[in-house]
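Right, one structure below, let's go through it.
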Amino acid sequence: MAWILLLLLSAACLDTGNSVTYNRENDYGVNQPAHLSGVQGGSIKIPFSFDFPWELTKDPQMSIAWRWKHFRGERIYNSSLRFIHEHFKDRLILNWTQGQTSGVLRILNLKETDQGLYFCNFWLSTTEGLERWQSIPGTQLTVTHGEEPWLRL
């Protein structure tokens with residue numbers, strides 16, 4: 001009987017492919033969509049939010065960064081360093097204010113080469129020290145060519 005309970009509990013804890021990366025033991029996590037699609041030349045918004053259990057310092061510092069292509073891929077954006085990857089120069093906008101737990105990364109003038117995975121990273125100063133975590137599944141962005149003008153009739 002105990003092994004059945006363990007089996008059911010294990011199955012309940014499996015990641016089902018939804019967009020949330022969440023650590024139930026520590027009550028922290030990152031939420032971003034699993035999949036998005038945009039048209040080449042258009043723009044896309046990648047919404048994100050995060051939760052955490054830690055008590056913040058009196059003047060908490062938060063920083064957001066984004067990685068591209070794979071979990072430990074190149075950084076394309078860093079809010080504290082005001083860094084934007086050369087590939088995305090003049091095309092990335094982070095709609096987020098210090099202290100908020102949600103926002104949107106916007107990519108303008110989508111290129112076919114923008115297609116891939118995007119991972120949101122957070123750092124924040126807590127009474128226990130600097131805490132850092134990132135989305136594990138990320139957001140898969142697909143860039144399409146859109147429809148031909150003659151198809152719009």
*asked:* Looking only at the side chains, is there a donor atom on one of Trp66 and Tyr118 sitting less than 3.5 Å from an acceptor on the other?
replied: no
*How far apart are the closest heavy atoms of Ala65 and Arg75, and which atoms are they?*
CB-NH1, 3.6 Å
*Only counting residues at least two apart or in another chain, list the ones meeting side-chain contact (heavy atoms from CB on, under 4.5 Å) with Glu86.*
Lys89
*Before giving the answer on side-chain contact (heavy atoms from CB on, under 4.5 Å), spell out for Phe122 and Ser63 the whole-Å C-alpha distance, their side-chain angles and the decisive distance to 0.1 Å.*
CA-CA 6 Å; Phe122 295 95; Ser63 181; over 6 Å; no
*Nearest heavy-atom pair of Ile136 and Phe119: which atoms, and what distance?*
O-CE2, 3.1 Å
*asked:* Does either side chain, that of Ser102 or that of Ser49, offer a donor lying less than 3.5 Å from an acceptor on the other one?
replied: no
*Which hydrophobic side chains are connected to Val104, either touching it within the sub-4.5 Å cutoff or through other members that do?*
none
*Counting distance only, does the side-chain N/O of Arg67 pair as donor-acceptor with the main-chain N or O of Glu74 below 3.5 Å?*
no
_Is it the case that the ring center of Phe88 lies less than 6.0 angstrom away from the ring center of Trp68?_
yes
*Closest heavy-atom contact between Leu36 and Pro47?*
CD1-CD, 4.5 Å
*With sequence neighbours left out, what residues match Arg91 under salt bridge (charged side-chain N to carboxylate O under 4.0 Å, His left out)?*
Asp114
*Does a side chain donor of either His145 or Gln40 reach within less than 3.5 Å of an acceptor in the other side chain?*
yes
*Is there a donor in the side chain of Gln115 and an acceptor in the side chain of Thr142, or the other way round, less than 3.5 Å apart?*
no
*When hydrophobic residues are tied together by side-chain contacts of less than 4.5 Å, even through go-betweens, does Leu110 share a cluster with Leu94?*
yes
*Given side chains that start at C-beta, do those of Asn109 and Ser43 come closer than 4.5 Å, heavy atoms only?*
no
*Any link between Ile84 and Phe48 through a network of hydrophobic side chains (Ile, Leu, Val, Met, Phe, Trp, Tyr) touching at under 4.5 Å?*
yes
*Nearest non-hydrogen partners of Gly38 and Leu141, listed with the distance*: N-CD1, 4.3 Å
*Using a 4.5 Å cut-off on heavy atoms from C-beta on, say whether the side chain of Cys120 contacts that of Ile64.*
yes
*Please tell me if the side chains of Leu92 and Arg106 come closer than 4.5 Å, counting only heavy atoms from C-beta onward.*
no
*Group every Ile, Leu, Val, Met, Phe, Trp and Tyr by side-chain heavy-atom contacts under 4.5 Å, then state whether Ile76 and Ile93 land in the same group.*
no
*asked:* Is it the case that over 12 heavy atoms from other parts of the model lie below 6.0 angstrom from the NZ atom of Lys45?
replied: no
*Do the side chain of Thr139 and the main chain of Pro33 share a donor and acceptor less than 3.5 angstrom apart?*
yes
